[in-house]
Amino acid sequence: MRPALEATGLGVRYRRSWALRDCSLAVPAGRVAALVGPNGAGKTTLMHAAVGLLRPARGSVRVAGEAAFVAQDKPLYDGFTVAETLAFGRRMNTRWDGDAAADRLARLGIPLDRKAGGLSGGQRAQVAITLALARRPDLLVLDEPLANLDPLARHDVMRAIMAEVAERELTVLLSSHVVSDLEETCDWLVVLNDGRLQVSGDIEDLLAGHLVLTGPADTPSPAGVSVVGESRTGRQAGLLVRGGPVPDPRWRARRASLEELVMGYLRSPASAALPGLAGVGA
Amino acid sequence: MIEFHLDRGSGVATYLQLVHQVRQALRLGELRPGDQLPTAREVVERLAINPNTVLKAYRELEHEGLVEGRPGMGTFVRQGVAGPTLADHTRLRRGLEAWVREARAAGLDQEDLRALFSVVLADASKEGAA
């Protein structure tokens, strides 16, 4: 099946420095992909390239069908009412499902006659996502959709996105700083670090394929697995490894959490877990 | 209809939590043959989880023979899947309540009760297997 989003050797340069280097990934259709990485890792750049807001210097990025993008600053005109914002969207787009948008807003209890500037942060996020969904995209790209929202609003936004994914074949790419926000909602993980792709894969497969090992600090690194990252503090050593099992009884093994997996890779920028890479590790 | 909930701190995989809740509801007679499970959309709109998680739970329940998917209609509890009847439940529960009162009167605390119950349960299943 054709991936919903595919990048091949993608490179993006701002003036002299590379914001994204040699990035190749494919997100299958119908997935909810989490895009994580520290500030300046290239997350927004990758999103902008995916939706055609900037032209790559190298390689290519392709979306199967239509993409809709919701920028982090939730670009609504404060002086427009919600109804005016919808009317504007209808005029600006050839593919437009105004009824679905009106339905969504009614269900969310967002008043159409309210000015965008008078809405709460959660309501603004919902209106911005409603506008993007009204374009009936195949790929919905959300830059930090949960930033600056209180826990209730975060939950409401994720509920709305998940419902849309359940309804039809929609692929979602969303970035966040907070891995725990993504735990229950995302099934694909993309980790960017300093402009390079470190991880791209199915979250369940990734979690099943990694172990956290703890043991005495002088225990030699286990054979037969790739060490993603390690920390040795005092008498104890902790490793994140790919592969397993580990027969050496001095190592106690357990499954990695999503957070441990992400942090393990981010702390070891030379490690990568990418499809098609046999050997992995620092 | 069953209303799912999530215990995010439990460490139990989300799809398994859904599976357990359906099994539990069947045991307690809250779900009966022919009852429909909520659609994936209804579940995710309530819990904010990935729809594939719900589908995975339903596949597992289908695999166990507890529910069946009817194309275009939804997922239903299968005919012939029946735990003890509600009347049995009520009767057994009364008996258990009386036993708990008696045990408390004898000075057993919550943990003693649990330990005793699990031991008897384990012995009974051993005898059943022999």
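Lettering of chains follows the sequences in order, A, B, ..., and the numbering in each one begins at 1.
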Report task. Go through B/Ile49, B/Thr53, B/Thr14, B/Asn52 and name the one with the most non-hydrogen pairs under 4.5 angstrom from chain A. Result ->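 Counting heavy-atom pairs under 4.5 Å, the top option is B/Ile49.
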Query raised in the report: Can you list every salt bridge (charged side-chain N to carboxylate O under 4.0 Å, His left out) pair that touches residues 127-136 of chain A, not counting sequence neighbours?
Result: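 Found none.
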Requested in this report: Only pairs at least two apart or in different chains count here, so list each salt bridge (charged side-chain N to carboxylate O under 4.0 Å, His left out) that has a residue in residues 176-191 of chain A.
Outcome: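 Residue pairs passing salt bridge (charged side-chain N to carboxylate O under 4.0 Å, His left out), neighbours aside: A/Arg31-A/Asp187, A/Arg154-A/Asp181.
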Query raised in the report: If contact means a heavy atom pair closer than 4.5 Å, which residues of residues 34-47 of chain B contact chain A?
Result: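 Near chain A, by residue number: B/Ala40, B/Arg41, B/Val44, B/Glu45, B/Arg46, B/Leu47.
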Report task. Under the salt bridge (charged side-chain N to carboxylate O under 4.0 Å, His left out) rule, collect the residues that match up with B/Glu97, sequence neighbours excluded. Result ->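 Once residues adjacent in sequence are excluded, the partners of B/Glu97 under the salt bridge (charged side-chain N to carboxylate O under 4.0 Å, His left out) criterion are B/Arg93.
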Query raised in the report: Contact part of A/Arg107 toward chain B, heavy-atom cut-off under 4.5 Å: side chain, backbone, both or neither?
Result: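 Contact with chain B is through the side chain of A/Arg107 alone.
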Around atom [atom1] of [X], are there more than 12 heavy atoms of other residues, nucleotides or ligands at under 6.0 Å?
{"X": "A/Asn148", "atom1": "CG", "result": "no"}
{"X": "B/Arg94", "atom1": "CZ", "result": "no"}
{"X": "A/Asp99", "atom1": "CG", "result": "no"}

Query - Closest heavy-atom pair and its distance - B/Ala48, A/Thr185 - result: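 Of all heavy-atom pairs spanning B/Ala48 and A/Thr185, the closest is O-CG2, 3.2 Å.
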